[in-house]
Each structure stands twice: as C-alpha cells, then as structure tokens.
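What follows is a set of notes on a single structure, which appears directly below.
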Amino acid sequence: MHRIVNVVGVGGSSRPGSTAEQALRVVLDAAEQRGASVQLIAGPALAMPLYDPRHGATAPQARRLLSAIAGADGIVLASPAYHGGISGLVKNALDHVEELREDIRPYFSERPVGCVAVAQGWQGAVSTLAALRDVTHSLRGWPTPLGAAINTSTPCFSPAGDCKDPHVQEHLEAIAAQVVEFATMRVLAASRTEIAR
C-alpha cells in the first residue's frame, strides 16, 4: 500500500479569510477528500522579513514554510492580484524557496503545483495566474494543466468560506484532483524505483 501524499497550500493575503485563502481552502478540502494529508500556510503565517539571500531564512515563519514545502508531494499556490501580478506577501514567501536549492528535491522539483489567482476582474486574475505558473516553472515545479483565475467582482464565497459558484467550485476541485493524482503517481513511481534497487 502506498503512503498518503502530502499537499501544502501556500497563499492568501495579510487579511485572514481573504478570497484567495478561501479558494485555497476549497482546493485543500477537496484534496483531503481524495485521501491527501493537507497543510495550509496562509495569512499571518506568510508575514516574514523580505528574503535576503545573504542571510537565508531566519524567521520562524520562513523555516516552517520551507519545512512544509520540502516535505510536500504536491503544492497549491493562491494569490490575489496586486496591480496585475502576484502579491508581495506571496512572492516574498516564494522567494524564500531559494533556500531549498541544495535540497534532495531542489525548489519544487518532482511536485505538481496547482495555481489559483483571484482579482476584481478578469485581466488581473488571468495575468496573476500566468505569473504563478511562470514562478512554478522557475522553481522546477509541474503546474497542473488546469489553473483557476477567479473574478471576484461578483462574490464567489459566503462569509463562512463556502463557494457559491458551482463553476468555480468545479474548477477548484479539479485542481485538487490533478495535484493529488500527479503526486500519487510520482510517489508510486519512486517507490517502485526503490524496490527495483
């Protein structure tokens, strides 16, 4: 029997319960329903000093983030659009991943990465989604075929965090399915390689 895959969600904004965080929670809930173990790093947990490669990751939040990503089999990134791109909070967290350059699986290597972007309009959502996918490529991750650009000009989530838009819910669940499926395939392939040795 193969082990449960670990999926880490990173994103949101400095405002707890932001729309990006709500979308991220929907993806992680769907991943958990598919048998994954999930971990959320959002909001205040992303508030860390600006990344400086001369000093590394010294803040406890940064060390927690790096530990979670190093142990992840799959990753989900979610960012609000800030002037057409990834928010500074999320980008700074992703910059800290440089500290995993010497890891056994450097950066996001060998991991599927689901990407979710939210904005008050399609232009910002789509450009931010493209930026998240570009960063994922730069960090050697495998962006899932499906990403989500969510237009929040019409509210998609209830105050409790439930998705009110069936189309958005379906997209977020599909991202979860792709992350879990790809991560599971990778874990099984690695297990077979170990057995063959």
message: Applying side-chain contact (heavy atoms from CB on, under 4.5 Å) to F157 and T19, what does each step give before you reach the verdict?
response: CA-CA 7 Å; F157 297 93; T19 307; 3.7 Å; yes
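- Of the possible polar contacts, none joining the R25 side chain to the A20 backbone as a donor-acceptor pair under 3.5 Å is found.
- Note on V97 and V135: same hydrophobic cluster, where clusters join Ile, Leu, Val, Met, Phe, Trp and Tyr whose side-chain heavy atoms are under 4.5 Å apart, directly or indirectly.
- The distance from atom NZ of K91 to atom CG of L132, rounded to the nearest 0.5 Å, is 10.5 Å.
- When all heavy atoms of G147 and H171 are compared, the pair lying nearest together is O-CD2, 4.2 Å.
- Under the 4.5 Å side-chain heavy-atom criterion for ILVMFWY residues, no single connected hydrophobic cluster contains both L77 and L28.
- Heavy atoms of other residues, nucleotides or ligands lying less than 6.0 angstrom from NE2 of H83 number 12 at most.
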task: Please lay out, stage by stage, how D103 and R105 fare under the test salt bridge (charged side-chain N to carboxylate O under 4.0 Å, His left out).
output: CA-CA 5 Å; D103 199 64; R105 295 182 301 167; 5.3 Å; no
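- In this structure, S67 contributes its side chain and R63 its backbone to no donor-acceptor pair below 3.5 Å.
- In this structure, CG on L94 lies 7.5 Å from OG1 on T136, to the nearest 0.5 angstrom.
- Panel note: side chain R15, backbone G43; no donor-acceptor pair is recorded below 3.5 Å.
- For the pair A81 and A119, the tightest heavy-atom approach, listed with the atom from each and the gap, is CB-CB, 3.5 Å.
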task: For L65 and M48, run side-chain contact (heavy atoms from CB on, under 4.5 Å): C-alpha distance rounded to whole Å, both residues' side-chain angles, the deciding distance at 0.1 Å, then the answer.
output: CA-CA 10 Å; L65 171 74; M48 56 189 80; 4.2 Å; yes
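- The hydrophobic cluster containing M185 does not contain W142, counting ILVMFWY residues as joined when their side-chain heavy atoms lie under 4.5 angstrom apart, directly or transitively.
- In this structure a side-chain-to-backbone donor-acceptor pair under 3.5 Å is present from S109 to P106.
- Remark: I41 CD1 to L66 CG distance equals 9.0 Å, nearest 0.5 Å.
- Residues P112 and Q178 form no side-chain contact, since every pair of their non-hydrogen atoms from C-beta on lies 4.5 Å or further apart.
- When all heavy atoms are compared, the tightest approach of L89 to L46 is CD1-O, 3.5 Å.
- Heavy-atom minimum distance, C156 versus N151: SG-O, 3.8 Å.
- At least one donor-acceptor pair closer than 3.5 Å links the side chain of R133 to the backbone N or O of T144.
- Put simply, CD1 on I75 and CD1 on I69 are 5.5 Å apart, with the number rounded to the nearest 0.5 Å.
- For H96 against L50, the heavy-atom pair with the smallest separation is CE1-C, 4.3 Å.
- S127 contributes a side-chain N or O that, together with a main-chain N or O of G124, makes up a donor-acceptor pair within less than 3.5 Å.
- In terms of heavy atoms, V7 sits closest to A36 at CG2-CB, 3.9 Å.
- Distance check: D134 CG to L139 CG gives 11.0 Å after rounding to the nearest 0.5 Å.
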task: For the pair E99 and R101, evaluate salt bridge (charged side-chain N to carboxylate O under 4.0 Å, His left out) and give the outcome as yes or no after the intermediate values.
output: CA-CA 6 Å; E99 293 301 303; R101 65 188 170 276; 3.7 Å; yes
task: Would you please test V27 and V116 for side-chain contact (heavy atoms from CB on, under 4.5 Å) and show each step?
output: CA-CA 9 Å; V27 178; V116 179; 4.3 Å; yes
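- In this structure a side-chain-to-backbone donor-acceptor pair under 3.5 Å is missing from E21 to P16.
- In terms of modelled atom types and a separation under 3.5 Å, the side chain of N6 and the main chain of D73 share no donor-acceptor contact.
- Cluster membership for I175 and V168, using ILVMFWY side-chain heavy atoms within less than 4.5 angstrom, is shared.
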message: Go through it in stages, so that I can follow the logic: the residues are F108 and R140, the test is side-chain contact (heavy atoms from CB on, under 4.5 Å), and I'd like the CA-CA distance, side-chain angles, deciding distance and then a yes or no.
response: CA-CA 5 Å; F108 289 171; R140 304 183 193 173; 5.6 Å; no
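- For the side-chain contact (heavy atoms from CB on, under 4.5 Å) with I150, the lone residue among L129, D165, V118 that qualifies is V118.
- Using modelled atom types, one side-chain atom of S79 and one backbone atom of S87 make a donor-acceptor pair closer than 3.5 Å.
- Following chains of ILVMFWY side-chain contacts shorter than 4.5 Å, one cannot reach V76 starting from V90, and the two form parts of different hydrophobic clusters.
- Between the side chain of Q39 and the backbone N or O of V8 there is no donor-acceptor pair closer than 3.5 Å.
- Distance check, rounded to the nearest 0.5 Å: OH of Y107 to OG of S138 gives 10.0 Å.
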